[in-house]
Amino acid sequence: MLIPHDTRIALDTVVDLVNTAPESEPLRDDPADEPGDGLPDVAALYAFAERHHISGVGALGEKDLNAVREVRARFAEVFAAPDPRTAADLVNRLVAAAGTTPQLTDHDGYDWHVHYFAPDASIADHLAADCGMALAFIIVAGEQERLRRCEAPDCGHAFVDLSRNRSRRYCSSRTCGNRLHVAAYRARRKEAAG
């Protein structure tokens with residue numbers, strides 16, 4: 001699947017955003033160590049914007065934080081959508097509410113690409129528009145099933161399966177996939193020895 005650079009960046013951003021939700025964090029053995037919100041405060045929102053090179057972010061406040069959390073919840077619904085029609089409806093509502101204004105731009109050393117958010121848009125509208133359109137392209141390509149959640153029983157992170165044959169099952173083969181494969185191997189060894 002050929003995905004333009006700016007769409008790939010937006011997909012990475014939406015996955016990271018969805019994975020900041022407390023319910024996306026892996027479960028812990030110790031209840032005192034239960035996961036928290038990955039966007040607990042405005043400082044974390046600034047850090048998220050910086051990490052994802054979100055342009056045009058001005059002063060942020062609690063209102064912005066709450067709006068981004070709301071957008072995050074809507075994106076989580078897209079990843080959980082049972083079919084393309086439901087996913088498309090959710091994306092359409094997100095993008096429409098953001099007041100999309102497509103425009104070509106070549107800022108900050110990047111080649112020409114499309115921004116879907118209006119100039120001076122809030123960070124929530126920026127994310128809803130650009131990330132929503134990236135998800136729209138996945139749905140339009142008939143690839144909604146690539147929007148997945150990790151199958152590790154103690155994880156649940158969102159990811160976009162960009163493997164050739166759509167066979168990726170874990171958010172990370174290094175962590176969740178490897179951990180489950182090692183556990184299965186040890187169980188087989190224990191059974192064979194027992």
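Sequence positions, counted from 1, serve as the residue numbers for this chain.
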Calculate, to the nearest 0.5 Å, the distance between atoms [atom1] and [atom2] belonging to [X] and [Y] respectively.
X      : Y      : atom1 : atom2 : value
Asp12  : Leu17  : CG    : CG    : 12.5 Å
Cys171 : Arg148 : SG    : CZ    : 13.0 Å
Cys150 : His157 : SG    : NE2   : 8.5 Å
Gln103 : Thr105 : CD    : OG1   : 6.5 Å
Glu143 : Ile3   : CD    : CD1   : 8.5 Å
Ile139 : Arg146 : CD1   : CZ    : 13.5 Å

Donor-acceptor contact present, side-chain [X] to main-chain [Y], <3.5 Å:
X      : Y      : answer
Arg149 : Gly156 : yes
Thr101 : Gly99  : yes
Thr13  : Ile9   : yes
Thr100 : Val95  : yes
Gln144 : Ala136 : no
Asp125 : Ser122 : no
Tyr170 : Glu151 : no
Asp130 : Ala10  : no

Heavy-atom pair with the smallest gap, counting every atom of [X] and [Y]:
X      : Y      : result
Asp41  : Ala44  : OD1-N, 2.8 Å
Ala76  : Val18  : N-CG2, 4.0 Å
Ser163 : Ser167 : OG-N, 3.0 Å

Can you find a pair of side-chain heavy atoms, one from [X] and one from [Y], that are under 4.5 Å apart?
X     : Y      : answer
Ser55 : Phe117 : yes
Leu65 : Leu60  : no
Leu90 : Phe75  : no

Using the rule that Ile, Leu, Val, Met, Phe, Trp and Tyr join whenever any side-chain heavy atoms are under 4.5 Å apart, tell me whether [X] and [Y] fall into a single cluster.
X      : Y      : answer
Val160 : Val14  : yes
Phe159 : Leu162 : no
Leu104 : Phe137 : yes
Val140 : Phe79  : no
Val15  : Ile123 : yes

Other residues, nucleotides, ligands: >12 heavy atoms within 6.0 Å of [X] [atom1]:
X      : atom1 : answer
Asp111 : CG    : no
Asp120 : CG    : no
Arg51  : CZ    : yes

Salt bridge between Arg85 and Asp89, side-chain N to carboxylate O under 4.0 Å?
no
Can Arg166 and Asp161 be counted as an ion pair, charged N to O under 4.0 angstrom?
no
Residues Arg72, Asp37; criterion salt bridge (charged side-chain N to carboxylate O under 4.0 Å, His left out); working and verdict:
CA-CA 11 Å; Arg72 174 181 70 187; Asp37 193 318; 2.8 Å; yes
Kindly indicate, with the supporting measurements, whether the criterion side chain to side chain contact (heavy atoms under 4.5 Å, CB included) is fulfilled by Val42 and Asp64.
CA-CA 8 Å; Val42 175; Asp64 296 297; over 6 Å; no
Checking His52 against Asp16: is there a side-chain donor and acceptor pair closer than 3.5 Å?
yes
Does the plane of the ring in His115 sit parallel, tilted or perpendicular to the ring in His126? Use 30° and 60° as the thresholds.
tilted
